[in-house]
**Student:** 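Below you will find the structure I want to go over with you.
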Amino acid sequence: MYKVYCDNLLLYDTKLESLKIFDASIELELNKTGSFVFTIYPEHPHYSLINKLKSVITVYQDGYLLFRGRVLDDETGWDNEETITCEGELAFLLDSIQRPYEHTGSITEYLAKLISNHNAQVDAEKRFALGRVTVTDSNDYITRSSIDYVDTWTELNNKLLNN
């Protein structure tokens, strides 16, 4: 059973006829932002409450969080239906900039530094908490630096994920 919320307001529930969305699809990939696309009609009671780049959409399957992200685009169709495209929460990391820096230390310290810088620049619903870091370096010591102003997602990809 699926449930979809928009800013903590129930948008879809398989048990409620008045809360229906159509043509829903989720695309999830490891280390990618992912996407969720669905169509909603004007008869839906929360049709007008979905805001581009502001609303946070969450999808649950049997109580398990399957997707969390923001509305990236909305396209109006012939019958005033809206096709909503959402990008996953990793895209929140595009909203912050890493200033030039130098780092020497562990991978965990480096990641904590990037996340802390990100969290200082964004609203509460776009913040991340550092979880368990299982990636290790043979001597637990890395050196990373940048002379550019780069968004956090690009920096994480270039300096950690792509290595």
Side-chain angles (χ1 to χ4, degrees), residues 1-99 111-112 114-135 146 148-163:
M1 173 168 38
Y2 291 93
K3 287 188 179 183
V4 178
Y5 293 85
C6 175
D7 299 324
N8 297 319
L9 185 65
L10 188 61
L11 196 64
Y12 172 75
D13 187 334
T14 52
K15 296 179 181 178
L16 301 173
E17 190 62 36
S18 62
L19 298 178
K20 293 287 182 187
I21 60 174
F22 301 88
D23 303 322
S25 68
I26 292 179
E27 186 175 310
L28 301 173
E29 283 185 78
L30 186 62
N31 296 328
K32 303 289 181 194
T33 60
S35 66
F36 175 53
V37 179
F38 64 95
T39 301
I40 188 168
Y41 286 86
E43 295 79 25
H44 193 287
H46 307 311
Y47 174 83
S48 62
L49 299 178
I50 302 170
N51 298 306
K52 190 173 175 179
L53 294 177
K54 184 69 178 159
S55 293
V56 174
I57 304 294
T58 51
V59 180
Y60 291 88
Q61 180 181 12
D62 299 323
Y64 173 77
L65 179 63
L66 191 59
F67 176 88
R68 181 176 181 269
R70 64 175 167 202
V71 176
L72 178 64
D73 194 21
D74 53 1
E75 192 174 305
T76 305
W78 187 257
D79 294 323
N80 283 329
E81 78 278 8
E82 297 259 338
T83 299
I84 307 292
T85 302
C86 306
E87 61 184 349
E89 65 186 340
L90 285 179
F92 295 161
L93 295 168
L94 293 167
D95 298 342
S96 62
I97 299 295
Q98 296 295 320
R99 297 172 185 251
L111 186 55
L114 295 179
I115 297 300
S116 177
N117 289 342
H118 165 79
N119 287 346
Q121 299 174 49
V122 297
D123 296 332
E125 67 272 359
K126 295 181 180 180
R127 293 183 184 152
F128 290 90
L130 186 65
R132 194 177 82 217
V133 179
T134 58
V135 177
S146 177
D148 298 316
Y149 291 80
V150 180
D151 66 77
T152 304
W153 180 240
T154 300
E155 196 69 3
L156 282 170
N157 274 296
N158 291 345
K159 302 287 173 74
L160 285 179
L161 296 176
N162 293 339
N163 283 339

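For the numbers below, each heavy atom of this structure counts, side chains included, while hydrogens, waters and symmetry mates do not.
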**Student:** Taking the six-membered ring where the residue is Trp, are the ring centres of Y12 and Y2 under 6.0 Å apart?
**Tutor:**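 Not under 6.0 Å, so no.
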**Student:** Side chains of S35 and E87: any donor to acceptor distance under 3.5 Å?
**Tutor:**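 Short answer, no.
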**Student:** Report yes or no: does Q121 contribute a side-chain atom to a donor-acceptor pair with the main-chain N or O of I97 at less than 3.5 Å?
**Tutor:**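 Yes, because the side chain of Q121 sits within donor-acceptor range (under 3.5 Å) of the backbone of I97.
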**Student:** Minimum heavy-atom separation for L161 and N157, please, with both atom names.
**Tutor:**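 Residues L161 and N157, closest heavy atoms: CD1-OD1, 3.3 Å.
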**Student:** Rounded to the nearest 0.5 Å, how far does CZ of R99 lie from CD of E155?
**Tutor:**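 It comes to 14.0 Å.
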**Student:** Determine, step by step, whether V59 and F36 satisfy the side chain to side chain contact (heavy atoms under 4.5 Å, CB included) criterion, reporting the C-alpha distance in whole Å, the side-chain angles of both residues, the deciding distance to 0.1 Å, and the verdict.
**Tutor:** CA-CA 9 Å; V59 180; F36 175 53; 3.6 Å; yes
**Student:** To the nearest 0.5 Å, what is the distance between CG on L111 and CZ on F128?
**Tutor:**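 So the CG of L111 and the CZ of F128 are separated by 11.0 Å.
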**Student:** Considering only heavy atoms from C-beta outward, does the side chain of L49 approach that of L9 to under 4.5 Å?
**Tutor:**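 Result yes, sub-4.5 Å side-chain heavy-atom pair found.
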**Student:** Would you name the heavy atoms of Y47 and I40 that are closest together and state the gap between them?
**Tutor:**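 Closest approach of Y47 to I40: CE1-O, 3.7 Å.
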**Student:** What pair of heavy atoms forms the shortest contact from L28 to L66, and how long is it?
**Tutor:**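 Where L28 meets L66 most closely, the heavy atoms are CD1-O, 3.8 Å.
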**Student:** How many angstroms lie between atom CG of D7 and atom NZ of K54, to the nearest 0.5 angstrom?
**Tutor:**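 Answer rounded to 0.5 Å: 8.0 Å.
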**Student:** Give, for atom CG of D74 and atom OG1 of T85, the distance between the pair rounded to the nearest 0.5 Å.
**Tutor:**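 If we round to the nearest 0.5 Å, D74:CG and T85:OG1 are 8.5 Å apart.
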**Student:** Is atom CG of N162 surrounded by more than 12 heavy atoms (other residues, nucleotides or ligands) closer than 6.0 Å?
**Tutor:**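 Yes - once you tally the heavy atoms of other residues, nucleotides and ligands closer than 6.0 Å, there are more than 12.
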**Student:** So, the side chain of H118 versus the backbone of K126: is there a donor-acceptor pair under 3.5 Å, distance only?
**Tutor:**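 Such a contact is found between H118 side chain and K126 backbone.
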**Student:** Under the 3.5 angstrom rule, does the side chain of D151 hit a backbone N or O of T154 as a donor-acceptor pair?
**Tutor:**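 Side chain of D151 to backbone of T154, a donor-acceptor pair under 3.5 Å: yes, one is there.
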**Student:** With rounding to the nearest 0.5 Å, note down the distance linking CD in E27 to CZ in F67.
**Tutor:**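 Rounded to the nearest 0.5 Å, the CD-CZ separation comes out at 10.5 Å.
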**Student:** Do M1 and D13 touch side chain to side chain, with heavy atoms closer than 4.5 Å?
**Tutor:**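 Touching, per the 4.5 Å side-chain cut-off.
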**Student:** Would a distance-only check, ignoring hydrogens and angles, find a side-chain to backbone donor-acceptor pair under 3.5 Å from E81 to T39?
**Tutor:**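 No: the side chain of E81 does not pair with the backbone of T39.
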**Student:** With a 4.5 Å limit on heavy-atom distance, are the side chains of I21 and I84 in contact?
**Tutor:**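 I21 does not reach I84 side chain to side chain.
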**Student:** Does any non-hydrogen side-chain atom of L156 lie less than 4.5 Å from one of L90?
**Tutor:**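 Answer no - side chains too far apart.
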**Student:** First locate atom OG1 of T152, then atom CD1 of I115, and finally report the distance between them rounded to the nearest 0.5 Å.
**Tutor:**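 One gets 7.0 Å once the value is rounded to the nearest 0.5 Å.
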**Student:** Got H44 and L11 here, is their nearest side-chain heavy-atom distance under 4.5 Å?
**Tutor:**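 Yes, at least one pair of side-chain atoms sits under 4.5 Å.
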**Student:** Can you tell if the side chain of V4 reaches within under 4.5 Å of the side chain of I57, non-hydrogen atoms only?
**Tutor:**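 Heavy-atom side-chain distance check passes, below 4.5 Å.
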**Student:** Under 30°, 30 to 60°, or over 60°: which ring-plane class applies to Y5 and Y60, parallel, tilted or perpendicular?
**Tutor:**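 Ring orientation of Y5 relative to Y60: perpendicular.
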**Student:** For C6 versus I50, what's the shortest heavy-atom pair and its separation?
**Tutor:**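 Here C6 and I50 meet closest at SG-CG1, 4.0 Å.
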**Student:** Only one of T76, V37, D23 passes side-chain contact (heavy atoms from CB on, under 4.5 Å) with T83; say which it is.
**Tutor:**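 Answer to the side-chain contact (heavy atoms from CB on, under 4.5 Å) test with T83 among T76, V37, D23: V37.
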**Student:** Show the nearest heavy-atom pair for residues C86 and F38, with the distance to one decimal.
**Tutor:**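 The pair with the smallest heavy-atom distance is SG-CE2, 4.1 Å.
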**Student:** Under 4.5 Å between any side-chain heavy atoms of Y149 and Q98, yes or no?
**Tutor:**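 With C-beta onward as the side chain, the pair stays apart.
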**Student:** So, does R70 use its side chain to make a donor-acceptor pair with the main chain of A91 at under 3.5 Å?
**Tutor:**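 Side chain of R70 to backbone of A91, a donor-acceptor pair under 3.5 Å: yes, one is there.
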**Student:** Are V56 and R68 close enough that some pair of their side-chain heavy atoms sits under 4.5 Å apart?
**Tutor:**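 Yes, their side chains come closer than 4.5 Å.
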